[in-house]
Chemist: 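Structure in structure tokens, see below.
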Amino acid sequence: MATLKAVRGTRDLLPPETELWNRVEATARAVFARYAFGEIRTPIFEDTQLFARGVGEETDIVSKEMYTWEDRARAASEKAQSLTLRPENTAGVVRAYIEHKLDESGMLQKLFYIGPQFRRERPQRGRYRQFWQIGAEVIGPAWSGSERAIRDAEVLEMLATFLNEVGVKGWRLALNSVGSATDRPRYVAALREALAPVKATMCENCQRRAETNPLRVLDCKEPGDQATIEALPKIADFLDAESRDHFEQVKAALDTCGVPYVIDPRLVRGLDYYTRTTFEFTVPDGSGLGTQNALLGGGRYDGLSEMLGGPKAPGIGFAIGEDRLILTLQAQAAEATPKKLDAFVAPIGAAQNPAALQIAKELRAAGLTIEVGDGDFRLRKSFEAADKLAHRMVMVGEDEVASGILTVKYFEAGEQTKVPRSELAEALRTVPAK
RNA sequence: GCGGCUAUAGUUCAGUGGCAGAACGCCGCUCUGUGGCAGCGGAUGUCGUGGGUUCGAAACCCACUAGCCGCCCCA
């Protein structure tokens with residue numbers, strides 16, 4: 001019989017790698033908490049309409065990458081419904097915001113999430129069909145200050161702090177403003193017009209993009225097209241006074257807080273709901289991501305709530321590609337030394353197994369990480385296993401059990417001492433000098 | 001979704017048509033109250049899956065599956 005395997009684009013995360021995942025998530029929780037964010041958990045699947053309206057019917061995500069199925073009615077009282085595994089989490093958070101009338105609190109909502117997302121793309125390193133995002137949203141009624149530039153700057157400063165604390169080296173923040181909901185179409189129209197006479201000279205991709213999605217032309221990496229692209233209209237010239245002012249305030253706050261950034265007038269993002277500030281954090285080549293070098297992205301979505309039938313609720317958010325962050329940390333880590341246990345408890349003779357288990361229980365209760373051997377093992381085998389797993393080994397033989405004085409071997413120091421059982425936990429906490 | 005490269009032991013890989021290999025790791029013994037070293041021995045396996053060519057296929061051909069690289073797009 002054919003063996004079953006994890007389906008394409010999905011994967012198992014195993015120890016010791018999961019330890020890194022936990023560290024990343026713990027760091028995110030700790031940092032976000034300092035900025036007064038609370039956790040939200042939304043469903044893994046939602047009504048398909050949520051993504052069609054929120055993310056945008058015309059985006060690649062919605063038009064060809066979603067896992068959608070018809071959840072048929074199973075009773076007369078039940079209606080058939082099109083459901084979709086979430087391809088991103090912002091739409092779900094905004095849906096929950098509307099559904100639970102969080103705007104009526106009058107307070108700014110600061111929500112973060114950690115969870116899997118699903119897109120049916122061709123898998124590649126750093127790109128999976130089930131992938132994890134760590135994200136956050138700041139959203140609220142206008143009077144809560146949700147559309148103020150200080151919120152944008154706070155989010156960006158928090159991300160810089162998070163990346164530094166989690167240990168990402170060499171990150172780069174690219175920043176742009178795509179303007180208000182009316183600025184953007186005006187710019188796209190101007191772009192189309194400017195492209196019409198020159199597109200014939202451009203690469204095949206650009207000729208197609210000039211028709212389907214002119215903003216994407218700005219992303220082109222074809223060397224021969226760069227001069228043409230430089231000459232195209234700039235989004236900055238199409239911002240209304242408020243958007244321009246908003247962007248200036250964001251930049252000023254970042255300057256004051258010492259968060260480095262690069263203005264990238266060509267940074268356009270694929271989700272339809274973005275307005276004003278958009279950003280992306282990337283890592284340098286050689287960080288383990290290849291061309292998938294965008295670690296996280298985000299932006300402001302001042303009209304999203306209304307698009308979903310909710311009240312006016314401006315907001316800004318981001319999503320970190322956790323899989324990519326992990327790959328980056330692994331590639332950048334000089335050498336990941338596997339973490340060792342505090343001690344290995346080695347019974348000598350199977351008769352000592354119960355006593356060894358009891359000692360392990362006491363030590364674990366004292367907060368130590370402990371593995372227990374088996375008295376059937378020859379002592380040599382216990383030593384080998386212990387040295388591989390732990391810093392120290394506690395020998396539990398007949399003599400030790402009788403006297404209550406245990407023999408402890410410290411592998412790094414190569415020393416061996418006798419320790420009364422009552423002082424054992426304390427002795428294992430201290431690392432002897434080499 | 002498109003183009004390309006790849007798939008052999010737990011891992012990294014060698015093997016260009018004639019007995020399935022190396023290193024590391026693993027297991028055993030020397031050695032049942034003192035490890036790391038050493039010596040000796042052992043197992044590594046559907047050569048990704050299915051078909052084809054051939055006296056003979058891990059190798060050549062086709063299809064499929066999966067991973068990777070690039071594109072598209074995005075985190």
Side-chain angles (χ1 to χ4, degrees), chain A residues 1-11 14 55-56 58-65 87-90 114-135 203-206 208-209 212-213 215-216 219-222 267-271 274 279-283 288-299 317-328 344 346-350 352 373-390 392-400 407-412 414-416:
Chain A
M1 190 159 62
T3 54
L4 292 168
K5 302 195 307 186
V7 306
R8 187 156 150 93
T10 71
R11 60 204 180 124
L14 306 171
V55 177
E58 300 309 315
T59 61
D60 280 14
I61 292 176
V62 172
S63 62
K64 47 190 196 200
E65 295 175 2
E88 59 96 58
N89 217 327
T90 299
I114 299 175
Q117 319 292 336
F118 305 84
R119 291 180 202 173
R120 200 180 183 292
E121 291 186 278
R122 182 138 169 180
Q124 217 170 297
R125 184 181 185 80
R127 196 175 69 185
Y128 308 99
R129 290 181 170 183
Q130 173 173 336
F131 60 101
W132 291 70
Q133 286 189 336
I134 300 175
C203 72
E204 222 173 285
N205 274 332
C206 283
R208 182 173 43 77
R209 285 187 282 224
T212 58
N213 192 347
L215 286 175
R216 285 272 149 225
D219 272 346
C220 179
K221 288 151 199 138
E222 190 65 38
L267 175 70
V268 289
R269 301 196 52 79
L271 282 59
Y274 283 122
F279 56 88
E280 195 171 275
F281 284 73
T282 56
V283 287
L289 292 183
T291 50
Q292 313 294 325
N293 69 340
L295 255 197
L296 72 94
F318 62 84
I320 302 167
E322 190 174 4
D323 307 76
R324 293 182 183 182
L325 177 56
I326 299 279
L327 285 171
T328 300
F344 184 97
I348 301 169
Q352 312 309 328
D374 184 330
D376 256 359
F377 292 170
R378 298 214 337 227
L379 191 60
R380 174 193 168 104
K381 187 172 169 182
S382 290
F383 262 94
E384 288 172 348
D387 192 23
K388 222 170 283 175
L389 290 173
R392 314 167 189 85
M393 177 166 126
V394 179
M395 274 169 271
V396 184
E398 211 175 329
D399 299 348
E400 282 84 356
T407 308
V408 179
K409 182 83 174 190
Y410 297 86
F411 289 118
E412 280 86 359
E415 289 168 8
Q416 186 167 320

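Residue numbering restarts at 1 for every chain, and letters A, B, ... go by the order of the sequence lines. These numbers come from the heavy atoms of this one structure, side chains and all, not from hydrogens, waters or symmetry mates.
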Chemist: Taking any heavy-atom pair under 4.0 Å as a contact, classify A:Thr407: base, sugar-phosphate, or nothing.
Modeler: base
Chemist: A:Ile348 near the nucleic acid: base, sugar-phosphate alone, or nothing, with a heavy-atom cut-off under 4.0 Å?
Modeler: base
Chemist: Is the backbone of A:Leu295 close enough, under 3.5 Å, to the side chain of A:Arg324 for a donor and an acceptor to pair up by distance?
Modeler: no
Chemist: Under a 3.5 Å cut-off for both distances, is B:A43 Watson-Crick or wobble paired, and to whom?
Modeler: none
Chemist: Quick check for you: among B:C73, B:G28, B:G35, whose closest atom lies nearest to any side-chain atom of A:Lys381?
Modeler: B:G28
Chemist: Base, sugar-phosphate alone, or nothing: which one does A:Glu384 contact when heavy atoms must sit under 4.0 Å apart?
Modeler: sugar-phosphate
Chemist: So what does A:Met393 touch, heavy atoms closer than 4.0 Å: a base, only the sugar-phosphate, or nothing?
Modeler: nothing
Chemist: Give the nucleotide from the list B:C26, B:G35, B:C71 with an atom nearest to the side chain of A:Lys388.
Modeler: B:C26
Chemist: What is the distance from NZ of A:Lys64 to P of B:C72, rounded to the nearest Å?
Modeler: 11 Å
Chemist: If you assign each of A:Phe411 and A:Trp132 to its closest nucleotide in RNA chain B, which residue comes earlier from the 5' end?
Modeler: A:Phe411
Chemist: For A:Gln352, which contact category applies under a 4.0 Å heavy-atom criterion: base, sugar-phosphate, or nothing?
Modeler: nothing
Chemist: Does A:Arg392 get its side chain close enough to the base of B:G35, under 3.5 Å, for a donor-acceptor pair?
Modeler: no
Chemist: Is there a Watson-Crick or G-U wobble partner for B:U16 with both distances under 3.5 Å, and if so, which one is it?
Modeler: none
Chemist: Between A:Asp323 (side chain only) and A:Trp132 (backbone N and O only), is there a donor and an acceptor less than 3.5 Å apart?
Modeler: yes
Chemist: Can you find a donor-acceptor N/O pair under 3.5 angstrom joining the side chain of A:Arg378 to the base of B:C29?
Modeler: no
Chemist: Determine the Euclidean distance between corresponding P atoms of B:G45 and B:A63; express it in Å to zero decimal places.
Modeler: 32 Å
Chemist: Could you tell me whether the side chain of A:Phe344 reaches within less than 4.5 Å of the side chain of A:Asp387, counting heavy atoms only?
Modeler: no
Chemist: For nucleotides B:G56 and B:C19, find the distance between their P atoms and express it as a whole number of Å.
Modeler: 15 Å
Chemist: Can you find a pair of side-chain heavy atoms, one from A:Glu398 and one from A:Ile348, that are under 4.5 Å apart?
Modeler: no
Chemist: Please measure how far the C1' atom in B:G17 lies from the corresponding atom in B:C24, and state the result in whole Å.
Modeler: 31 Å
Chemist: Pick base, sugar-phosphate or nothing for A:Leu295, based on heavy-atom distances below 4.0 Å to the nucleic acid.
Modeler: sugar-phosphate
Chemist: Can you check the distance between B:C37 and B:G28, where both ends of the measurement are the P atom (answer in whole Å)?
Modeler: 16 Å
Chemist: When all nucleic acid strands are considered with a 4.0 Å heavy-atom cut-off, which category describes A:Gly397: base, sugar-phosphate, or nothing?
Modeler: base
Chemist: NA contact type, A:Gly126, heavy-atom cut-off 4.0 Å: base, sugar-phosphate, or nothing?
Modeler: base
Chemist: Grab the CZ-P distance between A:Phe377 and B:G33 for me, whole Å please.
Modeler: 16 Å
Chemist: Expressed in angstrom and rounded to an integer, what is the separation of A:Asp376 atom CG from B:U32 atom C1'?
Modeler: 10 Å
Chemist: Applying the Watson-Crick and G-U wobble criteria at under 3.5 Å, what pairs with B:G33? Answer none if nothing qualifies.
Modeler: none
Chemist: B:A57 and B:U53: how far apart are their P atoms, nearest whole angstrom?
Modeler: 11 Å
Chemist: What does B:C24 pair with, Watson-Crick or G-U, if both distances are under 3.5 Å?
Modeler: B:G10
Chemist: Round to a whole Å and report the spacing from CG of A:Leu389 to P of B:G36.
Modeler: 16 Å
Chemist: Any side-chain heavy atom of A:Met395 within less than 4.5 Å of one from A:Phe383?
Modeler: yes
Chemist: May I ask which nucleotide in the shown strands pairs with B:G70, Watson-Crick or G-U wobble, both distances under 3.5 Å?
Modeler: B:C2
Chemist: Rounding to the closest angstrom, what is the interatomic distance between B:G3 and B:A20 at atom C1'?
Modeler: 35 Å
Chemist: In whole angstroms, how far is the P atom of B:G1 from the CZ atom of A:Arg8?
Modeler: 8 Å
Chemist: Can you tell me how far P of B:C2 sits from CD of A:Glu121, to the nearest Å?
Modeler: 14 Å
Chemist: After noting the C-alpha distance and the side-chain angles of A:Arg380 and A:Glu384, does the key distance pass the salt bridge (Lys or Arg N to Asp or Glu O under 4.0 Å) rule?
Modeler: CA-CA 6 Å; A:Arg380 174 193 168 104; A:Glu384 288 172 348; 3.2 Å; yes
Chemist: With a 3.5 Å cut-off and just heavy-atom distances, do the side chain of A:Gln416 and the base of B:G33 make a donor-acceptor pair?
Modeler: no
Chemist: Reckon A:Gly375 touches a base, only the sugar-phosphate, or nothing at all at heavy-atom distances under 4.0 Å?
Modeler: nothing
Chemist: Taking the side chain of A:Phe383 as its heavy atoms from C-beta onward, which of B:C2, B:G36, B:U34 lies nearest to it?
Modeler: B:U34
Chemist: Work out which heavy atom in A:Gln124 is nearest to a heavy atom in A:Tyr128; give both atom names and the distance.
Modeler: O-CE2, 4.0 Å
Chemist: Looking at every strand, decide which applies to A:Arg11 at a 4.0 Å heavy-atom threshold: base, sugar-phosphate, or nothing.
Modeler: nothing
Chemist: In the strands shown, is B:C64 matched to any nucleotide by a Watson-Crick or G-U wobble pair with both distances under 3.5 Å, and which?
Modeler: B:G48
Chemist: In this structure, how many angstroms lie between the P atom of B:C68 and the OH atom of A:Tyr128, rounded?
Modeler: 6 Å
Chemist: Is there, by distance only and without an angle test, a donor paired with an acceptor across the side chain of A:Arg125 and the base of B:C68 below 3.5 Å?
Modeler: no
Chemist: Hey, could you give me the CZ/CD distance between A:Arg392 and A:Glu412, rounded to the nearest 0.5 Å?
Modeler: 7.5 Å
Chemist: Between B:U16 and B:C60, how many Å separate the two P atoms, rounded to a whole number?
Modeler: 9 Å
Chemist: If the P atom of B:C68 is compared with that of B:U12, how far apart are they to the nearest Å?
Modeler: 13 Å
Chemist: B:U34 P sits how many Å from A:Glu398 CD, rounded?
Modeler: 15 Å
